[in-house]
Amino acid sequence: MKDVLRMAWILGVVTVLAAAVLGAVNHVAKPRIEEQRRLALEQALLSALPKADPRAIVPVYEGDEIVYYKGYAQPDTTGLVGYAFVARGAGYSSEIETLVGVDTTGQIIGLKILREVETPGLGTKIEEVRYGEKDPWFQRQFIGKRARQLAVDKDGGEIVSVTGATISSRAVTNSIRKGLEELEKRLGGFSKTAQQVSD
Amino acid sequence: MEDKLWKVSTSPHLSDRESIPRIMWLVAASLAPAGIGAVYFFGARAAWTIFLAVASAIATEAAIQKLRGKPITVHDGSAFVTGLLLAYNLPAEVPFWIPIIGSAFAIALGKQIFGGLGYNPMNPALLGRAFLLASWPTHMTIFRTPPRGGTISGIDVETGATPLNLLKQAQDVLHQAKVAPGEVPAQKISEAMMHISKLYESYGNLFWGKVGGCLGETSVFLLLIGAAFLLYKRYIDLRIPVGYIGSVALLTWAFGGSEGLFTGNPLFHVLAGGLVLGAFFMATDMVTSPITPRGKWIFGIGCGVITVIIRLIGGYPEGVSYSILLMNLTVPLLDRYTKPAIFGARKR
Amino acid sequence: MELKTLLIISVSAIFINNFIFSRFLGLCPYIGVSKALDSAVGMGMAVIFVMTLASSVAWVVDHFLLEPTTSNLFYHLLRLKTPPDLVFLKTIAFILVIASLVQFVEMVIQKTSPALYKALGIYLPLITTNCAILGVTLLNLDMGLNFIGSVVQGFTSGLGFTLALVLMASIRERLELADVPRPMRGIPIAFIMAGLMAIAFLGFSGLKIR
Amino acid sequence: MELRLFARRSFRGGVHPPENKSLTEHKPIEILPPPAMVVIPVQQHIGAPGKPIVQVGDTVRVGDRLTEPGGYVSVPVHASISGTVKAIEPRPHPLGTSVLSIVIEGDGQDQWSPEVQEDPNWQQLTAEEIRDRIQMAGLAGMGGAAFPTHVKLSPPPNKPIDTFILNGAECEPYLTADHRLMLEYSEEIVRGMAIMLRILRPKRAIIAIEDNKMDAVRVMREAAGKEGLNCEVVALPVKYPQGAEKQLIKALTGREVPRGGLPMDVGCLVQNVGTARAVYHAVQKRRPVVDRVVTVTGRGVAEPKNVLVRIGSSFAYVLEHCGGLRDGAARVLMGGPMMGIAQFTLDVPVVKGTSGIVVLSQEEVRERREAACIRCGRCVDACPMGLMPTAIYHLVKHKRFDEAQEYGVLDCIECGSCAYVCPAGLPLVHAMKFGKLEVSKRMRAAS
Amino acid sequence: MSVGKEFTKGLYAENPVFKQALGLCPTLAVSNSVRNAVGMGLAMTFVLVLSNIIVSLIRRFVPRKIRIPIYIVVIATFVTIVDLVMAGFAPDLHKALGIFVPLIVVNCIILGRAEAFAGRNSVFRSLLDGLGMGFGFSLALFVLAFIREILGDGRLYGFPLLGPGFEPMLIMILPPGAFLTIGLLMGLMNWLDKRRCS
Ligand SMILES: Cc1cc2nc3c(=O)[nH]c(=O)nc-3n(C[C@H](O)[C@H](O)[C@H](O)COP(=O)(O)O)c2cc1C
Ligand SMILES: Cc1cc2nc3c(=O)[nH]c(=O)nc-3n(C[C@H](O)[C@H](O)[C@H](O)COP(=O)(O)O)c2cc1C
Ligand SMILES: Cc1cc2nc3c(=O)[nH]c(=O)nc-3n(C[C@H](O)[C@H](O)[C@H](O)COP(=O)(O)O)c2cc1C
Ligand SMILES: Cc1cc2nc3c(=O)[nH]c(=O)nc-3n(C[C@H](O)[C@H](O)[C@H](O)CO)c2cc1C
Ligand code: SF4
Ligand code: SF4
Ligand code: SF4
Ligand code: SF4
Ligand code: FES
């Protein structure tokens with residue numbers, strides 16, 4: 001019995017020690033991790049709304065849920081450049097999440113795929129950056145398009161799908177179209193002309 | 001009388017005339033009508049593909065046997081059959097290296113690595129196909145050459161793809177329309193419905209082979225000629241194809257329709273795709289199917305169930321290859337748990 | 001959780017994202033204990049049991065001790081101002097809780113049911129500190145499953161593992177009688193077989209329950 | 001019970017090898033002269049060997065007993081020619097071993113023992129006395145297994161025989177000895193059968209003949225009628241191994257002899273037609289087994305025929321009387337091609353169980369390079385015992401005898417159907433025999 | 001055993017992956033690209049070396065009966081450190097490796113070395129052993145990833161290597177490719193070993 005108590009005691013001490021060490025490390029690392037997360041979101045939002053000021057992209061809530069973001073050119077939230085929202089669609093083996101930015105007229109100005117677990121080399125080509133290029137060719141096609149133009153070539157649309165991964169391509173395309181239509185409904189329609197943004 | 005030492009051997013001292021080479025070459029012969037059909041429907045390209053697949057299978061087998069210092073047994077015809085069946089499972093316009101690599105994989109990693117003929121647990125030709133499909137899906141899923149005298153899908157539309165492909169696409173549209181009403185344009189819905197009904201009437205094309213698809217799978221008629229011969233020779237056991245095709249028919253009839261239970265079209269599902277080729281020539285590969293009578297029933301029905309699952313809710317329009325490969329995995333268990341009753345064991 | 005969701009979790013864990021053929025978890029026991037069918041079945045049962053158990057206790061530990069929510073016990077017991085975020089301790093907490101719980105269960109089984117102990121007990125110590133077990137708890141956490149979802153995922157993942165293990169063992173028993181080239185015998189051919197099985201399981205990829 | 005007669009008479013499995021019986025089936029039995037020398041092994045039956053009661057130099061007459069039975073499951077052997085005992089030494093036996101044998105040099109007289117004479121009072125014999133006579137006449141089953149007949153005729157009281165079956169199936173290809181015997185000696189057969197029925201008093205008696213011998217069916221029916229025997233003569237569809245007793249019982253009665261059991265466990269007894277005739281000789285004529293009908297046939301024999309030869313005659317002697325061998329003769333078998341045993345010399349004697357001497361030509365013999373099993377399942381379909389020969393083959397090959405036993409290796413009747421159909425040419429029966437040997441060795445060691 | 005051997009044995013003769021079939025899960029899971037393989041190898045080596053050192057240091061004070069839980073706590077501590085640091089400083093790699101970083105805790109190589117080696121040997125030897133095993137593990141991962149990435153993606157560390165004409169063999173970066181590659185590699189090694197012996 002005494003033995004058991006001794007061992008429990010040792011084990012307890014070791015565990016508490018370990019927890020303490022980890023607590024310390026966590027204390028140092030946690031801000032970094034959160035910073036990284038924030039940075040990742042900021043990066044994504046910036047690729048969706050390239051002209052917005054990083055400090056002036058504000059979430060719009062509906063209840064607890066962020067339904068879209070508004071991006072402004074100035075840090076004092078003036079000069080609306082557009083909106084950003086997350087589109088979700090079922091791909092081949094995962095739900096694909098895309099952050100999409102549109103200007104005030106509903107024309108896509110940027111996008112970034114946030115999450116996707118498609119087949120490597122097949123579905124993941126929706127994020128492929130060809131050698132010597134800077135951005136993913138598949139996503140580049142969406143820039144400048146509006147909701148009604150969004151359909152993959154197989155469905156008679158203008159988006160060239162990734163060969164052998166029509167399902168993934170279709171998921172991205174259709175989810176963005178749906179998201180755009182929803183946003184339009186929420187906003188009560190896009191404006192006819194683009195806001196003049198002074199740099 | 002001459003006084004010599006006679007040769008001895010154990011009984012029996014007779015045998016029927018069957019031998020492995022004879023069986024294999026006759027199976028190859030029974031596949032000939034479908035091969036000739038493939039060349040007729042898809043042109044000289046088909047002959048070239050078949051030749052490359054067979055040659056690569058034989059060369060790989062010989063090379064590995066030589067490397068291992070084993071007797072070279074390519075004359076027994078089993079590698080020929082594997083190459084042939086692999087070629088029958090390829091689309092008409094694959095690049096030349098596809099059949100070569102596919103056959104090499106089928107023989108090397110599907111068969112010889114286990115010790116060669118008789119020891120491989122899974123169907124080599126189908127492994128070759130599944131390997132190609134996973135490696136170069138774009139080449140393996142492109143069906144552009146319409147067969148002579150027919151169209152790719154068996155109906156008069158342009159949209160590429162085999163009948164099963166088209167069916168899957170059309171059903172996807174209908175499903176989409178159902179879960180998200182109002183989102184799919186009415187014109188697309190009616191188009192999909194038109195496609196389905198036209199597909200369901202294309203029995204003639206499907207039976208004679210005037211539809212798109214892999215080289216050897218399209219003509220049910222030509223395949224049945226070979227199958228009848230094999231059944232007559234008792235090289236294949238009717239239980240597997242009957243269990244297989246029967247369960248596909250039953251399940252597609254029950255669950256294949258869009259208007260509820262028992263509205264599917266079983267005849268279409270039986271005639272379309274590689275079911276007939278698979279059920280008569282590939283699921284029956286004796287090396288990779290159960291040896292016991294009850295095991296054969298379960299094997300056939302299992303293939304049918306998985307095929308239907310894949311066709312109806314799976315990621316592929318066609319499920320024959322994978323269903324057979326998956327059931328191959330259960331063969332040792334089936335053999336073990338379906339042993340025939342030993343004479344005198346039942347009645348005690 | 002909706003029944004359909006549970007069904008999707010199950011089908012995914014058994015066929016589509018099988019622990020062996022797709023997630024790469026539990027490979028060492030898979031290769032090590034698949035030589036004979038009998039032990040494969042015993043191991044499979046033990047894994048199903050431990051995975052289910054681990055999934056449930058890990059959820060409880062996470063939910064009541066680690067997550068920074070109002071159900072956090074430390075928050076109530078120590079009357080903290082905000083719920084503490086102890087998620088960083090998940091690895092160490094899970095592994096200790098699982099290991100001690102399994103040890104406890106093992107003792108109980110040994111005392112109460114010698115037959116069950118003989119069938120399962122010998123495998124239990126083998127798998128307590130195994131990545132499939134810890135893996136399923138981390139996956140549950142990643143996927144944000146609730147209690148029922150975690151238990152179902154734990155159970156069905158174990159089922160999928162057992163399916164793969166039993167199929168492999170039955171095939172390896174047959175391969176014992178085959179003329180496998182000498183350098184390939186044993187573990188290498190088991191890997192080749194696993195690869196070919198994984199090819200076959202690709203057939204389930206893209207399966208959609210609707 | 002009667003209804004079953006119309007049911008399909010068959011058993012599971014089996015094969016249809018070419019019969020090749022036309023070579024000899026129309027050739028009447030030819031009686032060969034006594035040879036100048038005979039070699040009589042002291043053991044020609046299953047059971048304990050006999051102990052010689054003669055010495056080198058003794059003179060013997062035909063029918064003189066040469067050995068004392070070595071126990072209850074044992075029968076004596078008898079001189080089959082008259083002459084002098086030349087040697088008592090191990091000699092090659094057609095079963096492939098060397099067995100203590102009594103060599104008799106003939107005196108050319110063919111003098112019979114005075115004890116061999118008709119017993120007018122045989123009807124008065126008790127069952128016990130009849131069995132005794134059968135034993136001392138050296139009767140061992142002539143259907144091939146050579147099990148002492150008197151033992152089979154003594155069922156324990158708790159296992160009464162209700163069905164007696166006379167086995168005239170002769171399903172082995174080539175062999176016609178039983179066929180000719182039935183055609184030419186139907187009365188003697190029927191009389192022998194009557195004697196056995198008297199001992200056993202079964203409810204039902206059946207004479208079973210394959211339907212490729214309809215003439216024999218007719219003749220036996222007539223003979224049975226004349227004798228006033230209450231028995232059915234049943235024509236069975238041709239299928240090998242119809243004549244194997246378990247399969248025969250199954251086909252005729254629908255009963256399955258339990259695994260490891262004997263026919264008497266299902267109330268049946270099976271005797272070969274030749275045995276029946278020998279019973280008649282033993283009981284009524286007091287004539288021991290000194291000769292038997294042998295079919296000498298095959299594409300390697302110049303003049304195939306059925307012959308009645310003295311036990312102990314060498315194969316060489318018999319073959320010489322059949323015109324000798326042809327060129328291309330490749331294999332000499334004792335018994336039919338499915339179960340027969342290949343001989344390495346012609347210096348082996350005809351024994352009580354020798355139903356045929358078959359000489360196969362080179363084209364006929366199954367001589368194949370072994371390939372790998374392709375799991376075609378033909379052997380499983382063919383096995384009349386419901387075994388999985390390929391599984392047992394692999395297990396035996398890898399010395400996994402315990403599992404082989406689980407798969408029923410001991411149930412194998414060595415009929416050869418599996419190896420006959422195997423396209424890979426695998427030595428399946430060889431594996432069965434070896435497996436049985438090893439398994440029984442282990443079982444004996446364990447007990 | 002010489003000090004040098006203590007280090008080199010892990011590379012080939014006692015390679016944890018190829019020769020002992022341990023640590024298979026992360027090996028197969030993250031070897032679809034060289035980048036992931038290197039990251040995982042470093043993480044693993046870090047934990048191996050440090051846990052070996054600590055275990056060797058405390059080996060005299062730990063009661064035998066509870067040594068395993070103590071080792072686990074030690075290992076888990078280092079793993080969590082790696083996990084946190086990686087999440088903070090290399091988020092992309094952290095995302096790519098997924099749960100395989102925390103799973104280093106239960107990796108049988110680490111516990112195996114603690115139990116079989118560090119628990120009985122001096123600190124210096126344990127350090128060398130940890131380094132050797134860690135590099136051996138990394139080497140195995142690298143070899144696998146090298147083959148798989150080149151064949152399956154036509155690239156190496158992200159750079160196109162085989163030119164645009166090469167059509168990558170997708171299966172190599174899918175699960176079956178991992179199994180087949182390691183199986184063939186192990187067979188090849190057996191064959192080479194046997195040839196060297198004879
Ligand atoms: C192993 C495997 C993985 C696949 N993964 C994906 C995928 O990630 N995304 C996708 O859209 N299709 C995937 N597919 C599906 C096929 O490529 C399918 O044929 C294709 O999506 C249809 O597109 P296509 O019309 O361009 O051929 C996969 C197929 C296989 C065999
Ligand atoms: C040990 C042993 C005991 C036997 N006892 C009897 C018996 O009591 N009654 C009987 O009818 N047959 C008996 N037999 C004979 C068998 O039933 C059978 O006739 C004999 O083994 C030959 O059959 P086969 O030629 O079909 O192999 C016995 C056989 C053996 C090996
Ligand atoms: C495969 C096989 C085939 C047999 N065929 C016959 C047959 O056709 N005729 C026959 O009398 N005995 C045949 N026997 C022997 C019988 O099983 C049985 O032993 C015999 O009929 C018993 O009679 P007996 O003791 O008078 O010889 C065969 C045995 C086996 C194993
Ligand atoms: C009826 C029958 C069907 C066959 N089917 C196939 C097949 O589907 N795939 C294949 O590779 N070989 C097939 N073969 C050939 C042979 O069995 C095959 O090469 C072995 O699987 C290799 O061990 C078949 C042979 C026969 C007799
Ligand atoms: S943790 Fe377990 S399953 Fe994972 S690599 Fe180690 S032994 Fe294999
Ligand atoms: S953890 Fe267990 S199962 Fe995994 S490798 Fe180590 S000993 Fe084997
Ligand atoms: S020899 Fe044995 S295993 Fe072969 S068929 Fe006859 S009884 Fe069956
Ligand atoms: S008949 Fe021959 S090849 Fe066919 S399963 Fe039996 S043993 Fe194998
Ligand atoms: S006659 Fe049938 S086996 Fe002897």
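Each chain gets a letter, A, B and so on, in the order its sequence line appears, and its residues count up from 1. Quantities reported herein were computed from a predicted structural model and do not represent experimental measurements.
Looking only at heavy-atom pairs under 4.5 Å with chain E, the residue among A:V25, A:L39, A:V21 that has the most is A:V25. Across A:M7, A:E35, A:K30, A:R37, the residue that shares the most heavy-atom pairs under 4.5 angstrom with chain E is A:M7.
Remark: A:L22 CG to E:D83 CG distance equals 10.5 Å, nearest 0.5 Å. Of the inter-residue distances, the one linking A:I10 atom CD1 with E:I58 atom CD1 reads 10.0 Å to the nearest 0.5 angstrom. Put simply, NE2 on A:H27 and CG on E:L84 are 13.0 Å apart, with the number rounded to the nearest 0.5 Å. The structure places CG of E:D153 at 8.0 Å from CD of A:E128, a figure rounded to the nearest 0.5 Å.
Enclosure of atom NZ in A:K112 is not indicated, since only 12 or fewer non-hydrogen atoms of other residues, nucleotides or ligands lie within 6.0 angstrom. Counting non-hydrogen atoms of neighbouring residues, nucleotides and ligands closer than 6.0 angstrom, the CZ atom of A:R140 exceeds 12 such neighbours. Atom CZ of A:R38 has more than 12 heavy atoms from other residues, nucleotides or ligands within 6.0 Å.
Residue E:F78: no heavy atom, backbone or side chain, is found under 4.5 Å from chain A. Neither the backbone nor the side chain of E:P168 has a heavy atom closer than 4.5 Å to any heavy atom of chain A. For a residue to count as touching a neighbouring chain, one of its non-hydrogen atoms must lie under 4.5 Å from one of that chain's; by this rule E:L170 touches chain A with the side chain only.
For the side chain to side chain contact (heavy atoms under 4.5 Å, CB included) criterion with E:V73, the lone passing option out of A:T15, A:L17, A:V16 is A:T15.
Closest of all the heavy-atom pairs between A:Q36 and E:P91 is OE1-CG, 3.3 Å.
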